[in-house]
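In what follows, a structure is listed as structure tokens, so that the remarks can point back to it.
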Amino acid sequence: MSAPKITDVVVTPVAVLDPPLLNASGVHEPYQLRAVIELRTDEGVVGLSEAYGDTPTLNNLRKAAPSLIGLSVFDLNGLTQRVAVTLAGVTPSTLTDLVGKASLQKTVGQAIGAFEVACFDAQGKATGLRVCDLLGGAVREEVPYSAYLFYRWAKHPAGATGPDYEDDDWGDALDPAGIVAQAQRMVDTYGFASLKLKGGVFDPDAEADAIEALRAAFPGHPLRLDPNANWSVETSKRIAKRLEGLLEYLEDPTGGNPGMGEVARATSLPLATNMCVTAFQEIPEAVALDSVRVVLSDHHYWGGFRASLKLAGICETFGWGLSMHSNTHLGISLAAMTHLAAAVPNLNYACDTHSPWTREDVVRPGALEWNTATGSLLVPGGAGLGVELDYDALERLNRQYEDCGVRVRDDASAMRLAEPGWELRTPRF
Ligand SMILES: [Mg+2]
């Protein structure tokens, strides 16, 4: 069997159109940034991956890349060691505070994960196996995703529009009726069986009203609410009381394990997180304080597929549920998330995805197929991740990156175009 060795690492930033989705920090900008990674090898196999495209992430990827030359795509311990050594002294960075605090462990994990996914894709292409088979085998051939509902405006605020931006056709969603209509369109289009509302935007009781409206409109769909730690402990306790029996989990109502623990003791609702347990070093405190019942994994910052499988084992050990987090992503990451989810036996919940909000992609169409009866994505059948790069699209979206001027994600500055006095404040309610 061949063991391709890495001869070149190409990191290409892209910018993709993004609608004005509201969250605790502000509003999505007209462009979201991603990085496409190509690991080229001496056998002609190219491993693909996708990472954040903000400048600190790009700098870290480019700093670590030369250390990978000559490495076998099967030597994942070597990969981990080389990246960790190269990035040992970097300043911790995170795409957004919405995935918890920046730490060196997460920053290094982001780079390891980005390259590790590409190594797995190359392994699959070299052996003819799917990534899910390399991860231990598929326990499911279709991965259920949830409808990711957002309060949103119809248009970006004046001053935010980039050179080629065209508004999408979703309109606004600013009240319970708007959220129900958005959910209906998502369910009609994709068949999603679980519904998640991104909260932390409006008065918490108004968001609870939206959950009650969703419950009335979709009596059989599990519901989730994620205020991104934008509520105080007292607000969290009060709203949790109100929503008991209505949610499959309440995600990060408040910040930090101590506060989450306090809320957890006051409610029967399971608390979930992708903010207070986002790295292995944060797990002991969460266990000690019994602050969470469900962890949302994310291979992009936990350190890749193998780290995500380790996390799954820890969740199993402590009786925690396991779900999956999403930031805006393209088809390479959707394939990666789907292969990983297919290979994790104790993934108990439908995964999050931003796919319905993304209108542009770098992969050739056809490989990512939805079962629109169940809101599930079929595990791609080709070798590796099963997706192919569309080099014309990559070039166009890289040009869009060069032209758009966005270099880091900054939802707060985007919000200030509409509300000049807007400040980041946690908790806001
Ligand atoms: Mg979350």
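We count ligands from 1, going down the list as the structure has it; atoms in each ligand are counted the same way.
Partner F192 forms a ring pair (Phe, Tyr, Trp, His ring centres under 6.0 Å) with one of W370, F218, Y148, Y145 and no other, that one being W370. Only one option out of N59, V108, T107 pairs with L87 in a side chain to side chain contact (heavy atoms under 4.5 Å, CB included); it is V108.
At least one test fails for R409 against the ring of Y52: distance under 6.0 Å to the centre or angle within 45° of the axis.
For a distance bound of 2.8 Å, the N, O or S atoms of N274 include one lying that close to the Mg ion (ligand 1).
For the 3.5 Å distance criterion, the side chains of N274 and D298 fail to qualify, holding no donor opposite an acceptor.
Looking only at its N/O/S atoms, D226 has OD2 as the one nearest to the Mg ion (ligand 1). The minimum distance between the Mg ion (ligand 1) and any N, O or S atom of E251 involves atom OE2.
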